[in-house]
2 protein chains.
Amino acid sequence: MSVDETRTAPRMKAADRRELILAAATAVFGAKSYVGTTTDEVARAAGVSQPYVVRLFGTKAKLYTAVIERAYARIIEDFRRALPGPPEGRRDRMATAYAALLEERGMLPVIANSTALGGDPELGPVARAGFNSVWRFVRDEAEFSEQETRDFMANGMLINAIVGLRLVGAYGTEAAVTEMLDSCLPGAGDRVRGLLPAADEPW
Amino acid sequence: MSVDETRTAPRMKAADRRELILAAATAVFGAKSYVGTTTDEVARAAGVSQPYVVRLFGTKAKLYTAVIERAYARIIEDFRRALPGPPEGRRDRMATAYAALLEERGMLPVIANSTALGGDPELGPVARAGFNSVWRFVRDEAEFSEQETRDFMANGMLINAIVGLRLVGAYGTEAAVTEMLDSCLPGAGDRVRGLLPAADEPW
DNA sequence: TTGACATGTTATCAGTCGATTACTACTCTC
DNA sequence: GAGAGTAGTAATCGACTGATAACATGTCAA
């Protein structure tokens, strides 16, 4: 070979490698769902060997748990950053922050899919905790009313469904979908392209 | 044994057996999700052998496809039955019809989970078609405005998330969940108990 | 009643995939 | 510079599970 192939991944502090793997795992899990993804795919996406992924996180379920927790933490973080400013624009700023997550590979699909995980003994509690933390934030920290909270969350769940169903692929080509996205996601139009993890995903 | 065990399942027309298996599969898939369920579990729930399930439906994915299609068809059917009557009560009647699906074992979880299936090459198109058919019905046949449609669907997706997350288990015990369910599901309070497929589901 | 088709079973396989084991190599401190 | 801890790999296993093959039994028309 003319290319100087590195046999093993370049050395890295375990904490950094963890974060790198989490980001890769988010993209892959987001694209192919929990069960549809193998630890080997995650490993290859992260540029390390499959056993190393397992050893760093213990089990596949624990890895996914970490992915979910990281995703929800990220949402809360973004929401919190959207709080300061005129109160009447708060809701829109938060919605925009949510829409902006679309650009983070896999982040939104992971969250969207997490709402279907309640039945899993191990992942269920984590998903519930994540959902609950968002609800609490909106209600307590952002100080939405009960009604506003419900509407905000409902709208978010609709976005999740659209993402989970991969309806974004039909944006621009099917009227109903375009209409839907435009009315759900502020400023989605420009972002929506190049949205979900590419490759082996047939629309 | 004192009990007279039947060695093989009693004879039945294949069409009836199909429906029986579909109902059983809905309950099991609804409780444990697509990947979390084995064809053997479905078979045992339906009282037949595992190979027979596979042979009747071809593959596990095709079985699940049939389950999803049956569930969405059922929704549309129930919605359509809720149409006649005073127009101002239409939305509430449809919401009630949706809530009533809670009593059909697995029906709502299956639908809820289907919105996370877009990434699957085989199940994705089916899930999208189901979602789209509901949207179309609400918009065209029930004649909701664009705004009303979005709100109605969003509320439905919130219900789906609550169901998918198995939050109903906390109804009555946690204030946020009780508040949520009561405001999402008309008359949910009385129905909500004995809701999701029992047994091996740890809350 | 017979034979052809439909309904069902038991036994078994083959691929997949998460996990384990045993080993290598880098790096950093003392 | 030695050696101990850390970062990583290759090889392999064992269990699960969807699918297939081969076979058995019931049903019904002519």
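Scope of the values below: all heavy atoms of this structure, side chains included, with no hydrogens, waters or symmetry mates. Proteins come first, then strands; the chains are lettered A, B, ... in the order of their sequence lines, and each starts at number 1.
Computed from coordinates, the B:R44 CZ to C:dT9 P distance equals 13 Å when rounded to whole Å. Put simply, NZ on A:K32 is 12 Å from P on C:dT16, counting in whole angstrom units. Protein atom CZ of A:R18 is 16 Å distant from nucleotide atom P of D:dT6, rounded to whole Å. Whole-Å rounding puts the A:E41 CD to C:dT16 C1' distance at 12 Å. Rounded to whole Å, atom P of C:dT10 lies 11 Å from atom CG of B:D40.
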Contact list (N/O, under 3.5 angstrom) for nucleotides 26-30 of chain C vs protein:
residue : atom : partner : partner atom : Å
C:dC26  : O2   : A:R11   : NH1          : 3.2

Which pairs, protein N/O on one side and nucleotides 19-23 of chain D N/O on the other, fall under 3.5 Å?
residue : atom : partner : partner atom : Å
D:dA19  : OP2  : B:K60   : N            : 2.8
D:dA19  : N7   : B:Q50   : NE2          : 3.0
D:dA19  : N6   : B:Q50   : OE1          : 3.0

Polar atom pairs between nucleotides 28-30 of chain D and protein, under 3.5 Å, N or O only, would you list them?
none

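Residues A:M12 and B:Y34 both approach DNA chain D. Their nearest nucleotides, taken by heavy-atom distance, put A:M12 toward the 5′ side.
Side-chain atoms of B:K62 do not come within 3.5 Å of backbone N or O of B:L56 as any donor-acceptor pair. Looking at B:R128, its side chain does come within 3.5 Å of a backbone N or O of B:G118 through a donor-acceptor pair. Checking side-chain atoms of B:R139 against main-chain N and O of B:T149 turns up no donor-acceptor pair under 3.5 Å. Formation of a donor-acceptor pair under 3.5 Å by the A:R93 side chain with backbone atoms of A:A82 is found in this model. Proximity of a side-chain donor or acceptor of B:R166 to a complementary backbone N or O of B:A31 within less than 3.5 Å is detected.
Residue A:S49 is in base contact, counting any heavy-atom pair closer than 4.0 Å across all strands shown.
The heavy-atom pair separating B:S114 from B:Y72 by the smallest distance is OG-OH, 2.8 Å.
For the OP1/OP2 pair of D:dT9 and a distance below 4.0 Å, the side-chain nitrogens and oxygens of A:Y52 include no atom meeting the criterion.
Ring geometry, A:F137 versus A:F79: the interplanar angle falls under 30°, so the pair is classed parallel (tilted spans 30 to 60°). Below 30°, between 30° and 60°, or above 60°: for B:F144 and B:F152 the angle between ring planes is above 60°, a perpendicular geometry.
Atom CG of B:N113 and atom NZ of B:K32 lie 13.5 Å apart (nearest 0.5 Å). Taken to the nearest 0.5 Å, the CZ atom of A:R44 stands 6.5 Å off from the OG1 atom of A:T38.
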- Query: Does the side chain to side chain donor-acceptor pair (under 3.5 Å) test come out yes or no for A:T37 and A:Y64, once each step is laid out?
  - Reply: CA-CA 10 Å; A:T37 299; A:Y64 197 58; over 6 Å; no

